[in-house]
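Here's the structure, in structure tokens; my notes come after.
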Amino acid sequence: MPGRLASSVLPGLCALALLAPTAGCGADEPENLGAYPLDEAVIGDSEILVHIGASRAGGGDLTIADLLREPELALTSAPDPSLLLERQRDEHAALAPIGDGKLLRVLTYNVNLIDRWYPFTTVTGYAVDHRRVHIPPLLMSEGWDVIFFEEVFEELDVERLKLAGGLRGYRIYQGTAREHEKHGLVIAVREELIDGEERYHERLYEFQRDVERFPGPGMARGFLSWSFIHAPTGRRIWLVGTHTTAFPDYWRERTFQARELGLYVRERPEDDIVVVGGDFNAAPYYPEDDFGVDGGDAVGEWWRNALMYPVFLHYSGAVDAMATVLGAEDVTAMQALPEFDAAAWDREPYGDAGRCDGDELVFSWDWCNGVAFTNYSGASEYPGRLDYIFVRDNGDAVRVLDAGLEYTDPVDLAGLETEMSDHHAVGAMLQIRAGG
């Protein structure tokens, strides 16, 4: 979730900083909130949600629906997901190995290919004309089996992905012409992996920050789903790519989106595998509720921003691939950030660019990323792990062999030395048991 825009260069489709921060009109909560048994889960009884309840007076006695109905959710401390993150690591490590599994290499990447005009300004990623030419063939040449792309809005860029992918054995799904230019999502899959009946689904979320559509550059948040039989194992797999709303003050729209997506994932057939990739625009943890400045004012509401993560896990039944490897390193890394100094952080990353040398990176959106630092005013907000690969596996058919950040260093794109995007990618090596 990049910071507030300081010029006509946009740091990705995170939010439209030059527009008034007003959410869209419409219902205050989902019409079906309370209609599912998952809505009635008592927060204090849930291993996934308990840390949220601990941050609100009496929160442990509420249901998750009660909590989501609070438009001004008052949290008194930082919700700490350390136990939740560690539990995902420990429970996954305790699973018996899969001896005859087939590997599936998955990547999710917000590539920041955004270049649009809207009233009074333009929305343009750093060196977008150069990057959009070189990113497709590079990523399609790296051996990934599945790639989730975010921020590929223009038909020109979709065609470049199709051309680069077709030459390298990939098929592409981008949704419909009408909706794609709003959500900017693309899924690429190695064609040799696709078998059986294919099923496609495209949806714009019920809750939006409508100003992103108008007078903004015609964008809306949503998700794509593509299902087929995974040829090497005979198992049906669902690939779901998404990009949810940004900015901490839009935590409620994003949380409702996480619930909507989670219910969709949960409702896929019980024995099917679901892999979700995307930019969720919220980290699992923020130590301080006020952090960063925008126009001289403190940026707040970070604690509520962290609600997205457990809400999605609760409704989806999925696990976080990076958490199965890293445990609570998100929390450790956030707590190790240097003290915020607006002037110093605006001059160089974290007020000391030396912190970027040899870092063990956890954050997929990081001020050490040169494109991010160029795109945004450098003192605007928290870094964090915003990009995820989640796996729902009810049939004990999947193991996460490895997961972490990818494409963290600058690369030479035909003479331009730069990171490929203002995000780092997240990759996962999955092993799938043969069956079906």
Does Y170 have R190 sitting over its ring (NZ/CZ under 6.0 Å from centre, angle to axis within 45°)?
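Yes, cation above the ring, under 6.0 Å and within 45°.
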Taking the six-membered ring of Y315 as reference, does the NZ or CZ atom of R266 fall below 6.0 Å from its centre and within a 45° cone about the axis?
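The answer is no; the distance or angle limit is not met.
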Within a strict 4.5 Å, meaning less than it, do heavy atoms of the [X] and [Y] side chains meet?
{"X": "T233", "Y": "L104", "answer": "no"}
{"X": "D115", "Y": "R132", "answer": "yes"}
{"X": "D330", "Y": "Y309", "answer": "no"}
{"X": "V128", "Y": "I114", "answer": "no"}
{"X": "L416", "Y": "H134", "answer": "no"}
{"X": "E150", "Y": "L185", "answer": "yes"}
{"X": "E406", "Y": "W144", "answer": "yes"}
{"X": "V331", "Y": "Q335", "answer": "yes"}

Is the backbone of [Y] close enough, under 3.5 Å, to the side chain of [X] for a donor and an acceptor to pair up by distance?
{"X": "R392", "Y": "R268", "value": "yes"}
{"X": "D289", "Y": "W302", "value": "yes"}
{"X": "R203", "Y": "S225", "value": "no"}
{"X": "D145", "Y": "R105", "value": "yes"}
{"X": "R171", "Y": "G165", "value": "no"}
{"X": "H423", "Y": "N369", "value": "no"}
{"X": "E348", "Y": "A353", "value": "yes"}
{"X": "H243", "Y": "E151", "value": "no"}
{"X": "T324", "Y": "Q88", "value": "no"}
{"X": "R160", "Y": "I135", "value": "no"}

CA sep, side-chain torsions, deciding dist, call: R235, R433, side-chain contact (heavy atoms from CB on, under 4.5 Å):
CA-CA 9 Å; R235 294 184 181 273; R433 189 193 308 273; 3.9 Å; yes
Could you check whether the rings of [X] and [Y] sit parallel, tilted or perpendicular, using 30° and 60° as the cut-offs?
{"X": "W238", "Y": "Y264", "result": "perpendicular"}
{"X": "F291", "Y": "F340", "result": "tilted"}
{"X": "Y173", "Y": "W226", "result": "perpendicular"}

Can a side-chain donor-acceptor contact be found between N32 and R259 if the only test is distance below 3.5 angstrom?
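Short answer, yes.
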Quick check: are there more than 12 heavy atoms from other residues, nucleotides or ligands sitting under 6.0 Å from CD of E339?
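Not more than 12 within 6.0 Å, no.
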Would you say CD of E288 has more than 12 non-hydrogen atoms from neighbouring residues, nucleotides or ligands within 6.0 angstrom?
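Not more than 12 within 6.0 Å, no.
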Once rounded to the nearest 0.5 Å, what's the spacing between atom [atom1] of [X] and atom [atom2] of [Y]?
{"X": "L430", "Y": "I389", "atom1": "CG", "atom2": "CD1", "result": "7.0 Å"}
{"X": "I172", "Y": "E191", "atom1": "CD1", "atom2": "CD", "result": "10.5 Å"}
{"X": "E198", "Y": "D195", "atom1": "CD", "atom2": "CG", "result": "9.0 Å"}
{"X": "T245", "Y": "M219", "atom1": "OG1", "atom2": "CE", "result": "12.5 Å"}
{"X": "D279", "Y": "R221", "atom1": "CG", "atom2": "CZ", "result": "7.5 Å"}
{"X": "D341", "Y": "Y350", "atom1": "CG", "atom2": "OH", "result": "14.5 Å"}

With sequence neighbours left out, the residues meeting ring pair (Phe, Tyr, Trp, His ring centres under 6.0 Å) with F390 are F280, F312, Y388
Atom of [X], atom of [Y] and distance for their closest heavy-atom approach:
{"X": "A397", "Y": "I273", "answer": "CB-CD1, 4.2 Å"}
{"X": "F207", "Y": "Q257", "answer": "O-NE2, 2.7 Å"}
{"X": "A372", "Y": "W367", "answer": "O-CZ3, 4.1 Å"}
{"X": "N112", "Y": "R131", "answer": "O-NH2, 2.8 Å"}
{"X": "V299", "Y": "P248", "answer": "CG1-CG, 3.9 Å"}
{"X": "P232", "Y": "L193", "answer": "CG-CD2, 3.7 Å"}

Quick check on the 6.0 Å ring-centre criterion: do F223 and Y205 meet it?
yes
Is it true that [X] and [Y] make a salt bridge, defined as a side-chain N closer than 4.0 Å to a carboxylate O?
{"X": "D210", "Y": "R213", "value": "no"}
{"X": "D320", "Y": "R385", "value": "yes"}
{"X": "E72", "Y": "R304", "value": "yes"}
{"X": "R69", "Y": "E29", "value": "yes"}
{"X": "E154", "Y": "R116", "value": "yes"}

Apply side-chain contact (heavy atoms from CB on, under 4.5 Å) to the pair Q174 and L161, showing each step before the final yes or no.
CA-CA 10 Å; Q174 78 274 21; L161 287 179; over 6 Å; no
Would H92 and R399 satisfy side-chain contact (heavy atoms from CB on, under 4.5 Å), going step by step from the backbone distance to the final call?
CA-CA 8 Å; H92 193 271; R399 298 292 182 269; 4.2 Å; yes
With F148, which of V426, V276, L239 fulfils side-chain contact (heavy atoms from CB on, under 4.5 Å)?
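Going through V426, V276, L239 one by one, the side-chain contact (heavy atoms from CB on, under 4.5 Å) with F148 is satisfied by L239 alone.
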Take H180 and V186, measure what side-chain contact (heavy atoms from CB on, under 4.5 Å) needs, and give me the verdict at the end.
CA-CA 9 Å; H180 175 265; V186 177; 3.7 Å; yes
